[in-house]
Number of protein chains: 2
Amino acid sequence: MSSTNPGATGTTGRPPSDGSTRDRIRDAAVLRFARSGFGASVRTIAADAGVSPALVIHHFGSKEALHRACDDFVLRWIVGSKRQNMGRATGGQLLQVMAEVDEYAPLLGYAVQSLQAGGEVARAFVQHMIDDAQVYTREAVADGIVKPSVDEDARVRYLTLSALGTLLLTLTLDPPEDPEDFAAGIRTFTTEHYLPMIELFTQGFLTSRRMLDDYLLYLSDPPAGTRDATTDGDVAADTTAAPDPETTSEER
Amino acid sequence: MSSTNPGATGTTGRPPSDGSTRDRIRDAAVLRFARSGFGASVRTIAADAGVSPALVIHHFGSKEALHRACDDFVLRWIVGSKRQNMGRATGGQLLQVMAEVDEYAPLLGYAVQSLQAGGEVARAFVQHMIDDAQVYTREAVADGIVKPSVDEDARVRYLTLSALGTLLLTLTLDPPEDPEDFAAGIRTFTTEHYLPMIELFTQGFLTSRRMLDDYLLYLSDPPAGTRDATTDGDVAADTTAAPDPETTSEER
DNA sequence: GGACGGGCTGAACGCGCGTTTAGTCTATTG
DNA sequence: CAATAGACTAAACGCGCGTTCAGCCCGTCC
């Protein structure tokens with residue numbers, strides 16, 4: 001407990017050998033986690049950083065704490081990068097741009113590994129992408145480029161989760177030869193899905209409005225019970241209740 | 001090597017104590033893998049099946065071989081269930097139906113775990129869903145319910161990967177309290193995304209056809225080189241070449 | 001100059017893993 | 001009835017893991 005207090009050593013009053021080794025270990029861990037997932041061993045990370053495994057524990061207390069430190073670091077990067085990222089999060093093109101920049105690639109890899117493992121970083125990463133997309137979508141709607149939605153928040157959330165989920169699944173199903181080369185993976189993803197995506201975005205999928213209208217009618221006048229547990233309070237905005245749609249989805 | 005020859009004992013000529021124990025182990029393994037992922041230990045599986053860990057190895061040779069046997073079993077189920085499944089794979093409603101049936105739930109869980117791990121079962125599972133969706137989409141287009149696409153194969157592939165990927169990411173980000181209850185997870189997924197999905201499917205997202213037309217023009221008259229490696233031979237049908245779309249995507 | 005304390009290491013500990021080994025039990029076979 | 005073969009187990013092996021321990025090195029403080 002007392003050893004995990006970085007900087008501010010009290011008696012000595014200043015950083016004795018600056019925090020460089022600790023940082024080097026954390027950087028190596030981020031890189032290794034991004035490359036090999038969170039199953040990577042402390043020994044491997046120590047070897048990457050050129051130190052002994054014991055030192056890793058000495059500085060961070062445990063592997064779990066190291067993981068948390070990496071999460072914090074990447075999270076801080078995500079928040080920081082928000083300031084200088086210029087738009088277009090919808091189609092995953094923001095990711096494309098990021099993956100091309102070698103400096104960002106490992107951090108992106110870390111985020112992807114987190115998405116597969118499903119930790120706090122994953123949720124935060126997704127939430128930030130949703131927030132960004134919300135801004136850009138709002139602008140695009142105001143500019144008349146994008147059609148308005150019955151529930152803007154739900155739409156932007158769905159579109160973001162859809163884009164990220166599709167990317168994730170594509171990467172999992174046929175991983176690129178070099179797992180580090182996320183640029184290649186995202187490029188493949190883009191070339192494969194760009195056409196059907198803009199086609200869907202342009203003309204939709206269904207020929208009639210019936211299914212949508214039926215469901216909207218159903219929402220405004222729910223038939224009876226079927227009350228479900230809502231997962232989170234911070235997501236649904238307009239939909240007062242969205243029970244099992246099976247009853248209205250009488251397609252074909 | 002010689003011990004890994006199941007059935008057909010030659011001299012004895014018939015199943016001595018029928019294959020029930022072996023099957024029981026395999027069933028326990030499928031269940032445990034579905035519940036806890038493929039990191040589950042042989043000891044746990046053995047305990048679930050009520051046998052010693054050594055017997056698991058005795059019957060299957062290794063954990064990896066057991067994993068393969070489970071894959072085979074689930075794969076055979078997927079192929080078999082194809083015969084009696086009636087449609088609507090697009091929105092994941094097929095999954096919804098399946099998850100409600102308790103008998104299918106563990107096998108669905110196994111498939112989801114495979115999707116996260118990305119093995120052969122995952123690819124097969126996705127491919128079967130794509131094949132099914134292809135049939136139903138073709139019918140729906142013929143019936144005038146669904147708009148035709150420039151590239152039907154690419155569209156159905158994208159839509160399937162998108163639906164599954166979104167589901168997978170949703171499940172990863174906030175996993176249901178009881179990880180076995182896939183019905184609950186899929187229900188949550190449906191209620192959360194049904195509205196934005198049919199809205200997108202009904203009216204699209206963009207107000208103008210410009211992006212799509214630009215890209216189609218670009219496809220028919222590619223500017224220069226930028227030749228990429230195609231991932232698989234059995235997927236792309238109409239798109240002769242789909243290079244980096246960055247040049248045409250000059251939105252905003 | 002001696003005490004001190006943090007950075008750092010090599011060696012070891014305990015644990016859970018997949019797997020092996022040696023052997024028991026049981027039921028079939030000649 | 002003796003031989004045989006396969007189902008099955010208890011115990012142990014070897015390995016890699018996260019972590020601990022004892023101690024070295026070296027710069028700082030009284």
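Throughout, protein chains are lettered first and strands after them, A, B, ... in sequence-line order, and every chain is numbered starting at 1.
Here A:R68 pairs with A:E64 under the salt bridge (Lys or Arg N to Asp or Glu O under 4.0 Å) rule; sequence neighbours left out. Partners of A:D71 under the salt bridge (Lys or Arg N to Asp or Glu O under 4.0 Å) rule, at least two apart in sequence or in another chain, do not exist in this structure. Applying the side chain to side chain contact (heavy atoms under 4.5 Å, CB included) criterion to B:A54, with sequence neighbours excluded, gives B:S52. With sequence neighbours excluded, the residues that form a side chain to side chain contact (heavy atoms under 4.5 Å, CB included) with A:V56 are A:I25, A:V42, A:A46, A:V51, A:L66. Applying the ring pair (Phe, Tyr, Trp, His ring centres under 6.0 Å) rule to B:H67 yields the partners B:F33, B:F38; only residues at least two apart in sequence or on another chain are considered.
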When you compare the protein's N or O atoms with those of nucleotides 21-24 of chain C, which come within less than 3.5 Å of each other, and at what distance?
none

Restricting both atoms to N or O, compile the protein contacts to nucleotides 15-18 of chain D shorter than 3.5 Å, with distance only.
unit_1, atom_1, unit_2, atom_2, d
D:dG18, OP1, A:V42, N, 3.4
D:dG18, OP1, A:K63, NZ, 3.0
D:dG18, OP2, A:V42, N, 2.9
D:dG18, N7, A:R43, NH1, 2.6
D:dG18, O6, A:R43, NH2, 2.9

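In this structure, B:I45 atom CD1 and C:dT19 atom P are separated by 11 Å, rounded to whole Å. Between B:F60 atom CZ and C:dT19 atom C1' there is a gap of 16 Å when expressed in whole angstrom units. Between A:H59 atom NE2 and D:dT19 atom C1' the separation is 16 Å, expressed in whole Å. Across the protein-nucleic acid pair, A:L55 atom CG and C:dG7 atom C1' stand 7 Å apart, rounded to whole Å. Atom CZ in B:R24 sits about 12 Å away from atom C1' in D:dA7, given to the nearest Å. If you measure from atom CZ of B:R22 to atom C1' of D:dA7, you get 13 Å, rounded to the nearest angstrom.
Checked against A:V112 for a side-chain contact (heavy atoms from CB on, under 4.5 Å), the options A:L107, A:T172, A:L168, A:L164 give a single hit: A:L168.
Counting only residues at least two apart or on different chains, no salt bridge (Lys or Arg N to Asp or Glu O under 4.0 Å) pair has a member in residues 159-171 of chain B. Pairs engaging residues 38-59 of chain B under the salt bridge (Lys or Arg N to Asp or Glu O under 4.0 Å) rule: B:R32-B:D48 [sequence neighbours left out].
Phosphate contact (OP1/OP2 of C:dG7, side-chain N/O of A:H58, threshold under 4.0 Å): present.
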